[in-house]
Participant: 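Before anything else, here's the structure in question.
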Amino acid sequence: MVDVERFVAEGFVKLEAAVPREVGDAARAVVWHQIGLSPEDPSGWRQPVVWTADLAGRGPFGELVHSPRLREALDEVAGPGGWVPLGAIGNMPIRFPGMSPVNDRGWHIDASVTRPDGSWAVSGRPETMLLLTLLSEVGEDDAPTRVRVGSHRDSAELLGEQVLDPFEAGPLLDAASKDRPTAYATGQPGDMYLVHPLTVHAADEHRGTRPRFMAQTPVFLTAPVAPGEGNALASAIR
């Protein structure tokens, strides 16, 4: 079971041990191999962020995307039949310690609607929601994703029916949600976070000593989110 009331109130919810920790550990081992680096050789950690992706959903990644706990949680938040099954865990920004921070930590919401020309934009009627999957231990010093608690309501009020370029919308969303408290997406390998598509969030500076492994995945919805009844996504911005 997922805490639906908390999702509605705060705009996100943590799903602890969505898969056993060993699955998250196994996925992290695959990612180390993918990026050609080693946990035993910090001399190779020369970039603050290395991007990679899982596009196939095989092995431990398949166990992540087909987690029964995740499926049940998405049913509770988006409603049965309200979301499209995942095929892969998506993009993975691996953040390394001990280097100057990257200028990629602005407050934003993810692009979640497509324009007629195929480009992506943000809107108060999003068509995807965000799933964060931890593949390493993440504490408050380990560059966790920062989340502004309750900011989904600010975004809904600001955007309404508008469709905006994500870079244009970012400063507006930052200003609208600046007084909200900040939470951190911390936890263990195999933990997941279901994030409302209108919840304002940002990357964080790495102040720790261990690389941060996390995947960020859009979960496609079968209908745009609009304020009202029907599921937790709609109730959250009612």
Participant: Looking at OG of S235 and NE2 of H196, how far apart are the two atoms once the value is rounded to the nearest 0.5 Å?
Facilitator: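 Those atoms lie 9.0 Å apart.
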Participant: Hey, what do you get for CG (D142) to OG1 (T209), rounding to the nearest 0.5 Å?
Facilitator: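 Rounded to the nearest 0.5 Å, the CG-OG1 separation comes to 6.5 Å.
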Participant: Looking only at non-hydrogen atoms, find the nearest pair between A78 and N231 and report the distance.
Facilitator: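 The answer is O-ND2, 3.1 Å.
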Participant: For residues V195 and F7, report the shortest heavy-atom separation together with the two atoms involved.
Facilitator: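 Heavy atoms of V195 and F7 come nearest at C-CE1, 4.1 Å.
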Participant: What distance do L158 atom CG and S151 atom OG have between them, rounded to the nearest 0.5 Å?
Facilitator: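 The CG atom of L158 sits 11.5 Å away from the OG atom of S151.
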Participant: Is it the case that atom CZ in R207 sees more than 12 heavy atoms from other parts of the structure closer than 6.0 Å?
Facilitator: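 It does: R207 CZ has more than 12 such atoms within range.
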Participant: Taking atom CZ of R95 and atom CZ of R105, what is their separation to the nearest 0.5 Å?
Facilitator: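 Separation between the atoms: 8.5 Å.
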Participant: Would a 4.5 Å heavy-atom cut-off, applied to side chains only, mark I109 and L173 as touching?
Facilitator: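 When only atoms from C-beta onward are counted, L173 and I109 do touch, with a gap below 4.5 Å.
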Participant: Are V138 and M92 connected into the same hydrophobic cluster when the rule is that any two of I, L, V, M, F, W, Y join if their side-chain heavy atoms are below 4.5 Å apart?
Facilitator: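 No; tracing contacts between hydrophobic side chains, which count when under 4.5 Å, never links both residues.
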Participant: Can you confirm whether D204 sits close enough to E140 that some side-chain heavy atom of one is under 4.5 Å from a side-chain heavy atom of the other?
Facilitator: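 Heavy-atom side-chain distance check fails, nothing below 4.5 Å.
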Participant: Out of curiosity, does V4 fall in the hydrophobic cluster containing L131 (side-chain heavy atoms, cut-off under 4.5 Å, transitive links)?
Facilitator: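 Result: yes, single cluster for both.
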Participant: Counting N and O atoms only, with roles assigned by atom type, does the side chain of E137 sit under 3.5 Å from a partner on the main chain of Q188, one being a donor and the other an acceptor?
Facilitator: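 No: the side chain of E137 does not pair with the backbone of Q188.
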Participant: Students often mix this up, so state it plainly: with edges at 30° and 60°, are the rings of W32 and F96 parallel, tilted or perpendicular?
Facilitator: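 Perpendicular: the ring planes of W32 and F96 meet at over 60°.
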Participant: Quick one, V23 and L64 - any side-chain contact, counting heavy atoms below 4.5 Å?
Facilitator: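 In short, these two side chains touch, coming nearer than 4.5 Å.
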Participant: Do Y193 and L221 sit in one hydrophobic cluster, given that two such residues count as connected whenever their side-chain heavy atoms are within less than 4.5 Å of each other, even indirectly?
Facilitator: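 As far as the 4.5 Å side-chain criterion goes, L221 and Y193 are not connected within one cluster.
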Participant: Are D110 and S112 linked by a side-chain donor-acceptor pair shorter than 3.5 Å?
Facilitator: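 No, S112 and D110 have no side-chain donor paired with an acceptor closer than 3.5 Å.
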Participant: Might you work through the side-chain contact (heavy atoms from CB on, under 4.5 Å) test for R69 and L15, ending with a clear yes or no?
Facilitator: CA-CA 8 Å; R69 290 206 63 214; L15 186 62; 3.3 Å; yes
Participant: Start with the C-alpha gap between L70 and L194, add the side-chain angles, then the distance that decides, and say whether side-chain contact (heavy atoms from CB on, under 4.5 Å) holds.
Facilitator: CA-CA 9 Å; L70 173 60; L194 277 62; 4.3 Å; yes
Participant: Do any N or O atoms from the side chain of R212 and from the backbone of P93 form a donor-acceptor pair under 3.5 angstrom?
Facilitator: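 Side chain of R212 to backbone of P93: a pair is present.
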Participant: Would a single hydrophobic cluster contain both V77 and L132, if residues Ile, Leu, Val, Met, Phe, Trp and Tyr are joined by side-chain heavy-atom contacts under 4.5 Å?
Facilitator: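 Different hydrophobic clusters.
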Participant: Is a donor on one side and an acceptor on the other found under 3.5 Å between the side chain of T217 and the backbone of I89?
Facilitator: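 Yes, the answer is positive, given that a donor and an acceptor are paired below the 3.5 Å cut-off.
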Participant: Is V200 close to D174 at the side-chain level, that is, under 4.5 Å between some pair of heavy atoms?
Facilitator: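 Result no, sub-4.5 Å side-chain heavy-atom pair not found.
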Participant: Hey, any chance L130 and F61 share a hydrophobic cluster, counting ILVMFWY side chains that come within less than 4.5 Å of each other, even indirectly?
Facilitator: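 Looking at the clustering, F61 is in a separate group from L130.
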Participant: What heavy-atom pair brings T186 and G139 nearest, and what distance separates the two atoms?
Facilitator: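 Here T186 and G139 meet closest at CG2-C, 3.6 Å.
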Participant: Can you confirm whether V149 sits close enough to T182 that some side-chain heavy atom of one is under 4.5 Å from a side-chain heavy atom of the other?
Facilitator: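 No, too far: nothing below the 4.5 Å cut-off.
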Participant: Working note: R71 + D75, criterion salt bridge (charged side-chain N to carboxylate O under 4.0 Å, His left out); need CA distance, chi angles, decisive distance, verdict.
Facilitator: CA-CA 6 Å; R71 183 175 62 247; D75 278 350; 5.6 Å; no
Participant: State, to 0.1 Å, how close P197 and T128 come at their nearest heavy-atom pair, and which atoms those are.
Facilitator: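 The pair with the smallest heavy-atom distance is CB-O, 2.9 Å.
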Participant: Near E157 CD, under 6.0 Å, is it more than 12 heavy atoms from other residues, nucleotides or ligands?
Facilitator: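 Counting other residues, nucleotides and ligands, CD of E157 stays at 12 neighbours or fewer.
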Participant: Examine distances only and state if a side-chain atom of H206 and a backbone atom of P144 form a donor-acceptor pair shorter than 3.5 Å.
Facilitator: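 Not at all, since once roles are kept as given, no pair shorter than 3.5 Å links the two residues.
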Participant: Restricting to non-hydrogen atoms, name the atom on R153 and the atom on A9 that form the minimum distance, rounded to 0.1 Å.
Facilitator: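 For R153 and A9, the tightest heavy-atom pair comes out as NH1-O, 3.2 Å.
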Participant: Please report the interatomic distance CZ(R238) to CG(L233), rounded to the nearest 0.5 Å.
Facilitator: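 Going from the CZ atom of R238 to the CG atom of L233 covers 13.0 Å.
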Participant: Using the six-membered ring wherever Trp is involved, compare the ring planes of H201 and H108 and label them parallel, tilted or perpendicular (cut-offs 30° and 60°).
Facilitator: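 H201 vs H108 ring planes: tilted.
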Participant: At their closest point, which heavy atom of R146 faces which heavy atom of Y184, and how far apart are they?
Facilitator: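 Looks like CG-CE2, 3.6 Å.
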Participant: So do V84 and V219 actually touch side chain to side chain, heavy atoms under 4.5 Å?
Facilitator: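 No - every pair of side-chain heavy atoms lies 4.5 Å or more apart.
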Participant: Tell me whether the NZ or CZ atom of R148 lies within the 45° cone about the ring axis of W107 and under 6.0 Å from its centre.
Facilitator: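 Satisfied, under 6.0 Å and within 45°.
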Participant: Does the side chain of S123 reach to within under 4.5 Å of the side chain of V163, using non-hydrogen atoms?
Facilitator: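 SC-SC contact between S123 and V163 confirmed.
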Participant: Could you walk me through whether M214 and S136 satisfy the side-chain contact (heavy atoms from CB on, under 4.5 Å) test, starting with their C-alpha distance in whole Å, then the side-chain angles of each, then the deciding distance to 0.1 Å, before giving a yes or no?
Facilitator: CA-CA 7 Å; M214 184 200 71; S136 65; over 6 Å; no
Participant: Where do F213 and L134 land on the side-chain contact (heavy atoms from CB on, under 4.5 Å) test, with the steps shown first?
Facilitator: CA-CA 6 Å; F213 286 69; L134 303 189; over 6 Å; no
Participant: Does the side chain of R125 reach to within under 4.5 Å of the side chain of V225, using non-hydrogen atoms?
Facilitator: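 In short, these two side chains do not touch, never coming nearer than 4.5 Å.
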Participant: From I94 CD1 over to L135 CG, what is the distance, rounded to the nearest 0.5 angstrom?
Facilitator: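 These two atoms lie 7.0 Å from each other.
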Participant: Can you confirm whether R58 is buried at CZ, in the sense that more than 12 heavy atoms of other residues, nucleotides or ligands lie under 6.0 Å from that atom?
Facilitator: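 No.
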